[in-house]
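Written out below as structure tokens is the structure these notes cover.
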Amino acid sequence: MPELPEVEVVRRGLERWVAHRTVAEVEVLHPRAVRRHLAGADDFTHRLKGHRLGVPSRRGKYLWLPLEDTGQSVLAHLGMSGQLLVQPHEAPSEKHLRIRVRFADTLTSAAAEAGGTELRFVDQRTFGGLSLHDNTPDGLPDVIAHIARDPLDPLFDDEAFHQSLRRKRTTVKRALLDQSLISGVGNIYADEALWRSRLHYDRATATLTRPRTAELLGHVRDVMNAALAVGGTSFDSLYVNVNGESGYFDRSLDAYGREGLPCRRCGTTMRRRPWMNRSSYFCPKCQRVPRAVS
DNA sequence: CAAGGCTCCTGATAGC
DNA sequence: TGCTATCAGGAGCCTT
């Protein structure tokens, strides 16, 4: 499940292998992969053709490649199983190949280094996709204007986040997953940060003190930076970097997926609870159920 | 308006 | 063995 660290690993790969290359041809093999491009697959294809890509940016789990001189960007979201792979032309098509982008490689040094490669969007579960959008004055695609800055963004406002939590009538894990409050956090890193903070997922956000919020944000940043340092979290081949390689952070997870295993802090058996059509993993001793569940 | 629930999708795996 | 049920879950959209 690609969250902020995994998406950032992909962004870095695109910066190295795809930035400054000119699109020659785009092939959409599954319409659902461009469903956010409302004008359709043909329009998507034609609008990309002939344009040079700039340096990719990221906010939370979204990343985008600016089309130079157009004021537009190709927006990408990996969903649950999306991959952006840089592959040699001759590599056989992946089973779930959805979009192929070929480049008009010239004699630039960047193109020479990239060799005869193309960009492929591969996505088994089809929750992800690519689309083209106008940029806002801030330089981000207009359709993600509602996405909050992420905790690794230098301009993320810790105090405003705390005040939002105090105002809301919701619980802490819901808030962590609310991309309009803080972006980039998904189910895995939410559980990890809550475990590190000794907070139960059903804790009401309005009860968090300023130091408690600061501690939580610190743990969110720590766990994301630690994952980034080892290439992200992979459980299987569904999440990989642009070269198809897995990250190693799954070996460092303290909460997610550890049902029935001893808590790494106190030894108590970790539990899993169904929660919002997914799962929450927690230590019943370190992360006590709050008295008043809102 | 805010909060919470539903839904899209495929494949691995468990259970009968 | 082969079928069905369950689970994985991001985020737009809908309902309350």
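Because the structure is a prediction, the values reported are computed rather than measured. As a basis for the values below, the full set of heavy atoms in this structure was taken, side chains included, without hydrogen atoms, waters or symmetry mates.
Side-chain contact check for A:Asp123 and A:Ser81: at least one donor-acceptor pair (N or O, by modelled atom type) lies under 3.5 Å.
Of the side-chain N and O atoms in A:His30, none sit less than 4.0 angstrom from OP1 or OP2 of B:dC9. The phosphate of C:dG12 (OP1 or OP2) has a side-chain N or O of A:Arg36 nearer than 4.0 angstrom. A sub-4.0 Å separation between OP1 or OP2 of B:dA3 and a side-chain N or O of A:Lys168 is present. Contact annotation: A:Thr170 reaches the phosphate of B:dG4 (side-chain N/O to OP1 or OP2, under 4.0 Å). Between A:Tyr62 and the phosphate of C:dG12, there is a side-chain N or O to OP1/OP2 separation shorter than 4.0 Å. Proximity of A:Arg174 to the phosphate of C:dG10: no side-chain N or O atom is located under 4.0 Å from OP1 or OP2. Between A:Lys95 and B:dT10 there is no side-chain polar atom (N or O) within less than 4.0 angstrom of OP1 or OP2.
Across all strands, A:Asn277 comes closer than 4.0 Å to base atoms (heavy-atom distances). The residue A:Arg167 sits apart from the nucleic acid: no heavy atom pair falls under 4.0 Å. A:Arg35 comes within 4.0 angstrom of no nucleic acid atom, judged by non-hydrogen atoms across all strands.
Test A:Asp158, A:Asp153, A:Asp150 against A:Arg221 for salt bridge (Lys or Arg N to Asp or Glu O under 4.0 Å) and you get one pass: A:Asp158. With respect to A:Glu8, the salt bridge (Lys or Arg N to Asp or Glu O under 4.0 Å) criterion is satisfied by exactly one of A:Arg59, A:Lys61, A:Arg58: A:Arg58.
For A:Arg271, there are no salt bridge (Lys or Arg N to Asp or Glu O under 4.0 Å) partners at least two apart in sequence or on another chain. Taking the side chain to side chain contact (heavy atoms under 4.5 Å, CB included) definition, one finds that A:Ser131 meets it with A:Arg36, A:His37, A:Leu75, A:His133, sequence neighbours left out.
Summary of helix geometry: the two end axes of the helix from B:dA2-C:dT16 to B:dC16-C:dG2, each defined by five base pairs via their C1' atoms, are inclined to each other by 60° (rounded to 10°).
The side chain of A:Gln124 has B:dG11 as its nearest neighbour among C:dG10, B:dC8, B:dG11. Listed candidates were C:dG12, C:dA8, B:dC9. Nearest to the side chain of A:Phe127 is B:dC9. Closest to the side chain of A:Lys61, from the set C:dA8, C:dG10, B:dC8, is C:dG10.
Atom CG of A:Asp123 and atom C1' of B:dC9 are 9 Å apart (whole Å). As a whole-Å value, the separation of A:Met80 CE from B:dA12 P is 14 Å. Rounded to an integer number of Å, the gap from CG of A:Leu177 to P of B:dG4 is 13 Å. One interatomic measurement links the two molecules: CG of A:Leu78 to P of C:dG10, which rounds to 12 Å at whole-angstrom precision.
Taking the ring axis of A:Trp195 as reference, the NZ or CZ atom of A:Arg265 stays within 45° of it and closer than 6.0 Å to the ring centre.
In the displayed structure, A:Arg198 atom CZ is contacted under 6.0 Å by at most 12 heavy atoms of other residues, nucleotides or ligands.
Comparing A:His96 and A:Met276 against DNA chain B, the residue whose closest nucleotide sits nearer the 5' end is A:Met276.
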